[in-house]
Amino acid sequence: MNSFFITTPIYYVNAKPHLGHAYTTVVADAMARYHKLIGQETMFLTGTDEHGDKIVQAAEKEGKTPKEFVDAISARFRALWPQLDVANDRFVRTTDPEHISAVQAFLQKVYDAGDIYFGEFGGHYCYGCERFYTEKELENGLCPQHLTKPEFISEKNYFFRMSKYLPWLKEHITANPSFIRPERYRSEVLAMLESGALEDLCISRPKSRLTWGIELPFDKDYVCYVWFDALLNYISALDWPDGDAFKKFWPGEHLVAKDILKPHAVFWPTMLKSAGLPQYEHLNVHGYWLVRDTKMSKSLGNVVEPSDMAQRFGPDAFRYFLLREMHFGSDASFSDEALVGRINADLANDLGNLFSRVLSMTAKYFGSRVPMPAQLQEDDKAIADLCANSMRNFVQLFGNVQFAQGLESLWELVRALNKYVDTQAPWALYKQGNMERLATVMYVMLAAMRKTALCLWPVMPVASGKMLAQLAQPVQEGMPPVANIEDEIGHFDGLEPGLVVAESSNLFPRIEVKKEAAEAKEPKPQKKAQDKKADKPQEKAAPSTATSPAEGDTAAPAAKPNVEFDQFKALDLRVGTVKVAEKHPNADRILRLEIDFGEGELRQILSGLAEHYAPEDMVGKRVCAVLNLAPRKIRGLVSHGMVLTAGSDNALGLLAVDRDVPDGSEIA
RNA sequence: GGCAAGGUAGCUCAGUUGGUCAGAGCAUGCGGUUCAUACCCGCAGUGUCGGGGGUUCAAAUCCCUCCCUUGCUACCA
């Protein structure tokens, strides 16, 4: 197989690009370059996802049409990639006409195959669960959780018969250990399949509710629901069904963050299966970057900006850090100190200094001409062997998406070269006038440095080019430095004696740290799911949709329609004092409160505060609540009202009254 | 609460099927060197390999149990 196709997810354009996007895209770029470096023709695709409710709302807010809005944000993504030396071959947008027609062709194909049906059932909607139940799931016609009668919602939709292919999928994943990698995510998907929780997939929305989407070819009253639309970018961008690119590059592999594992590991393969298309080769799943939280918030402007990092430290160093610091698949922690540490230790001290010292000696001893080596001795052969080993490991590990390990393997060589300089002591040979030996030693180092620079091209394309240029190697921008790096492993020559190399080198200047240490003392790393929001559709899960996109982006929620004053007056809002607070015995997130509203007896209200307030801290607190909500049973206890809070999971607070008013006071 | 993955030197992590497996890099201390980006090289560590119990001649590595972390999941009217 001599072609290679890699994709990032198409990024959801409701916000600007952040570290998570940058990581995924840089990794994809490095993979694409790696495959070029082993002699394959590659296609690297990224793009933007531009359909869905959230987009319409965000556009309205800015007084733009959805199209105007997505044009602007999509452009921002596209503008970022060159700053990170990312060279994608194509950029797909779900609003491209070619994409739209491909989605419709695909839908028609699956429809004709009988795998799409109109959803007659699945209309039993429980408001408590915010989901639909099938007849089978109901207990005596009631919601099994709330024991209430679900409402039959008449909104019908089209469903993809995904369940039909789940047994096949399980076999496929079992039979192909690297279909989903690393292993942990493969197990996760298998567990998902075992659990039997997956059902058919809702793939439509009525136009009455959502118009910003792709019309179904077999029903003009419906548009395609997000995932179906979004996933198909991977082949629409290859000009499926008829394009040459598809024939040439499919199947390829995908790169995603762990939050969108399910759609890529379950929806997408079953879709391909239904349409009779070959499966992708690999789904490569990475973790999150956690960011040290110095009260990180948008208001403090403390968020990690990829373009900012690239400007401050250079795209090469930033890319190196991303690939070296994160063990692919696991989460990693991002901080300026870690970044500076890597740059100084690995790039400046080890690699940069190696180039500097060797080139400077070559200038001094041989007028910057690559000397002709004599017979290699033991020490020299040891370096040559190590060089071959490091390269072999590097190539193999990179192919296995083990980027950190691959780089580590290469650095074994870099460190050994620094040591070799010390043990051979060229300056001593020079003083002794042992020019033959000196020539050999210098040649060994220069040759090994060349090999190192070749390997680094996928990771640091510009710096690699500079290193090679310093070694008088031909470099053509955008092209891999050699036709196939694997041909470079078996032999140690490749550097022509007589070439004139650079006199000095300052590839990676040390970054002096002074005040940075002071700033970064106390705060503990806090979880910050970088990728979470942007890559996935935002609409609430609907009938049988397995995804449940996370809500709660930092942007304020969209405005709601006006209500009449009477409707507001209908609410019985009051102030009360918490007298009793304890954890709900059967629910982790819920506190059971008994609150005095001046009613003569305490009122029991259940509230999802357990993750934000300790029970003992609640006692004595004055709270605001809605009293006349219909009582609801939650996990065995009944709640007679709702405590008012503001904020989201990240930062949640209770509403309070700023003066002392009696319990039971009305809020108006 | 259920399911899953983890807890190994100050930090980030390696440790295949139980027997040099107690390691690497960074950071720290001491020494060396001078070609070099105050760099590089050498040496030195510290670790009850989360706690406890068990199997075994032998366990970080297998079993049980407990604790903690993370993710997914349910309840948050």
Side-chain angles (χ1 to χ4, degrees), chain A residues 127-129 131 144-146 182-185 187-192 194-195 197 258-259 261-262 287-288 290 324-327 329-333 335 337-338 341-342 344-365 404-405 408 411-412 415-430 441-442 445 504-512 525 527 529 548 584-592 605-612 625-645 649 652:
Chain A
Y127 285 98
C129 304
R131 60 163 287 194
Q145 285 295 330
H146 296 88
E183 176 69 25
R184 56 200 304 183
Y185 298 109
S187 329
E188 207 171 292
V189 174
L190 283 171
M192 231 181 265
E194 297 281 352
S195 79
K258 64 184 181 183
D259 59 318
L261 176 60
K262 190 192 279 179
Y288 295 146
L290 314 179
R324 175 64 185 80
E325 191 75 4
M326 177 175 270
H327 290 77
S330 313
D331 293 349
S333 172
S335 66
E337 302 80 69
R342 280 288 172 206
N344 281 348
D346 296 358
L347 297 181
N349 294 352
D350 288 351
L351 181 63
N353 184 48
L354 176 68
F355 268 72
S356 174
R357 64 200 304 207
V358 172
L359 288 176
S360 131
M361 282 189 279
T362 308
K364 201 173 289 186
Y365 307 142
Q405 294 89 333
E408 175 58 27
W411 250 253
E412 283 176 25
R415 290 190 209 104
L417 288 171
N418 272 320
K419 184 170 179 175
Y420 177 80
V421 176
D422 273 29
T423 54
Q424 302 305 317
W427 50 92
L429 294 172
Y430 184 68
V441 168
M442 295 310 297
M445 292 194 293
S504 64
S505 172
N506 191 6
L507 292 164
F508 304 102
R510 275 183 71 80
I511 296 163
E512 296 306 328
K527 178 165 47 94
S548 171
H584 189 302
N586 298 318
D588 288 0
R589 291 188 190 165
I590 301 175
L591 292 184
R592 188 186 76 83
I605 292 183
L606 306 180
S607 185
L609 297 170
E611 291 178 337
H612 304 92
V626 189
L627 300 194
N628 61 341
L629 279 173
R632 157 148 266 130
K633 199 170 184 181
I634 300 166
R635 289 258 178 200
L637 295 176
V638 180
S639 181
H640 299 274
M642 179 170 80
V643 174
L644 299 179
T645 62
D649 282 353
L652 185 129

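Naming convention: chains lettered A, B, ... in sequence-line order (proteins, then strands); numbering from 1 in each chain. Given the structure is predicted, the values throughout are model-derived calculations rather than measurements.
As judged by a 4.0 angstrom heavy-atom cut-off over every strand, A/Asp346 is placed among residues making no nucleic acid contact. Counting any heavy atom pair closer than 4.0 Å across all strands shown, A/His327 reaches sugar-phosphate atoms only and no base atom. Residue A/Arg342 is classed as having no contact, given no heavy-atom separation below 4.0 Å to the nucleic acid. When heavy atoms are screened at a 4.0 angstrom cut-off, A/Asn506 is found touching base atoms of the nucleic acid. Residue contacts shown for A/Ser360 are limited to sugar-phosphate atoms, with no base heavy atom under 4.0 Å away. Across all strands shown, A/Gly641 has heavy atoms under 4.0 Å from sugar-phosphate atoms exclusively, and none from any base. Residue-level contact check: A/Phe508 touches the bases, meaning some heavy atom is under 4.0 Å from a base atom. Residue contacts for A/Leu507: at a heavy-atom cut-off of 4.0 Å it reaches a base atom on one of the strands shown.
Applying the Watson-Crick and G-U wobble criteria (two distances, each under 3.5 Å), B/rA44 pairs with B/rU28.
The closest side-chain donor-acceptor pair between A/Arg184 and A/Ser330 falls under 3.5 angstrom.
Checked against B/rU33, B/rA77, B/rC75, the side chain of A/Trp427 finds its nearest nucleotide in B/rU33. Counting only heavy atoms from C-beta on, A/Arg510 has its side chain closest to B/rU37 among B/rC40, B/rC26, B/rU37. Relative to the side chain of A/Asn418, the nucleotides B/rA74, B/rC40, B/rC35 differ in distance, and B/rC40 lies closest. Checking B/rA24, B/rC26, B/rC75 against every side-chain atom of A/Arg635, the shortest atom distance belongs to B/rC75.
Using a 4.0 Å cut-off between a side-chain N of Lys or Arg and a carboxylate O of Asp or Glu, A/Glu408 and A/Arg415 qualify as a salt bridge.
A close approach under 4.0 Å does not occur between any side-chain nitrogen or oxygen of A/Lys258 and OP1 or OP2 of B/rG71. Between A/Asn344 and the phosphate of B/rU37, there is no side-chain N or O to OP1/OP2 separation shorter than 4.0 Å.
The nearest whole Å value for the distance from the CG atom in A/Asp422 to the C1' atom in B/rA36 is 10 Å.
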